[in-house]
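Take a look at the structure below.
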Amino acid sequence: MRLILRVWRQKNADAEGAMSTYEVDGISSDMSFLEMLDTLNEELILRGEDPVAFDHDCREGICGACSLVINGDAHGPNGVSPARADSRAWGSTTTCQLHMRSFQDGDTIDIEPWRASAFPVIKDLVVDRSAFDRIIQAGGYITAPTGSAPDAHATPVPKPDADHAFEHAECIGCGACVAACPNGAAMLFTSAKVNHLNVLPQGAPERESRVLDMVAQMDEEGFGGCTLTGECATACPKGIPLFSITRMNREFVRAVGKGR
Ligand code: FES
């Protein structure tokens, strides 16, 4: 498979970036998207050029490090959530789980970093997502001692609440929701983290402070306001549902009503 790649290149956070065009040949349809970029980088290194910087860690769809806008879609053409599949092909994949069989020989592929003012570009395709870490630090934890695994298992949790917590715990913090949102909002991420803990008995002591502090930190980081366009849920590779945001809004109003 021969491909034309148009890749965002930017030397550092202060430099101006631009799209650069490369041609890669001999790409197998069984390669992952990141393996295809590895092939490009090997060629660039052999030519004495600077390889393209991109983020990755597990390459198994679990860490959330890989973060590319591919042909205008966060995580590429298979990154669309089944909840919003519409007419597009879907697979709910992260970039590292996207395979080249999703492309055709001769395709031109645009590859860009996440685009959001709260995620400044560090280099090429790598962005700074530490804003998410600070939102978690503001309240994405519990203080109740849970003991060892068997002790935690002994705490009764109603099945619907456990399912709800697990559904939101699937968020891997990749940031696709922010990249896809026309406002650059982080409501889907923040709501997933709030709802995951707020529904569990272990998270109850911080139920009010958690939602207030995490939303305040989210605002402080410069994320945009949510207008419920739903693009976040469409782009989420883990299928975090849009109602997560409305549920967090209810938690927020409840916390304000209780005066914290
Ligand atoms: S590299 Fe870990 S989710 Fe893609």
Side-chain angles (χ1 to χ4, degrees), residues 3 5 7-10 24 27-42 44-45 51-85 88-103 109-116 118-136 140 166-181 186 188-193 196 231-241 244:
L3 300 164
L5 307 178
V7 185
W8 183 260
R9 302 303 310 263
Q10 183 173 333
V24 284
I27 299 299
S28 163
S29 59
D30 292 329
M31 279 182 175
S32 73
F33 200 85
L34 298 187
E35 286 169 335
M36 183 276 293
L37 287 179
D38 290 339
T39 303
L40 168 67
N41 277 346
E42 283 167 11
L44 291 176
I45 290 167
V52 177
F54 62 91
D55 234 344
H56 61 99
D57 188 3
C58 70
R59 297 200 177 201
E60 293 180 342
I62 52 177
C63 77
C66 55
S67 49
L68 301 177
V69 174
I70 302 164
N71 286 343
D73 284 324
H75 291 305
N78 291 354
V80 180
S81 163
R84 290 285 306 276
R88 292 201 275 178
W90 60 268
S92 258
T93 57
T94 51
T95 297
C96 61
Q97 293 297 293
L98 173 66
H99 285 78
M100 298 314 295
R101 65 183 75 97
S102 299
F103 300 90
I109 306 175
D110 288 340
I111 309 170
E112 300 169 85
W114 283 171
R115 298 286 189 194
F119 288 161
V121 173
I122 298 172
K123 183 177 180 181
D124 295 337
L125 303 172
V126 180
V127 300
D128 179 357
R129 284 174 293 172
S130 57
F132 271 11
D133 296 336
R134 291 186 288 274
I135 293 173
I136 292 290
F166 271 121
E167 184 175 27
H168 290 89
E170 280 193 60
C171 170
I172 54 175
C174 64
C177 49
V178 177
C181 176
L188 195 70
F189 165 78
T190 307
S191 64
K193 300 306 177 189
H196 163 207
E231 289 298 319
C232 51
T234 302
C236 177
K238 297 300 174 184
I240 303 297
S244 179

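Only a predicted model underlies this, so the values are computations on that prediction, with no experimental measurement involved. Counting starts at 1 for both ligands and their atoms, following the listed order.
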Discussion item. Among residues at least two apart in sequence or on other chains, which ones pass side chain to side chain donor-acceptor pair (under 3.5 Å) with S67?
Written reply: none
Item to complete: Please identify each residue that fulfils side chain to side chain donor-acceptor pair (under 3.5 Å) with S102, with sequence neighbours left out.
Response: N78
Worksheet item: Is D38 salt-bridged to R59, cutoff N-O under 4.0 Å?
Response: yes
Worksheet item: Taking F103 as the fixed residue, which of R101, H99, M100 is the one that meets the side-chain contact (heavy atoms from CB on, under 4.5 Å) rule?
Response: M100
Practice prompt. Using only heavy-atom distances, determine whether the side chains of T95 and H75 contain a donor-acceptor pair under 3.5 Å.
Written response: yes
Practice prompt. Check ring-ring contact (aromatic ring centres under 6.0 Å, His included) between H56 and all other residues, then give those that pass, not counting sequence neighbours.
Written response: F54
Worksheet, complete the sentence: Listing protein N, O or S under 2.8 Å around atom 4 (Fe) of ligand 1 gives C66 SG, C96 SG
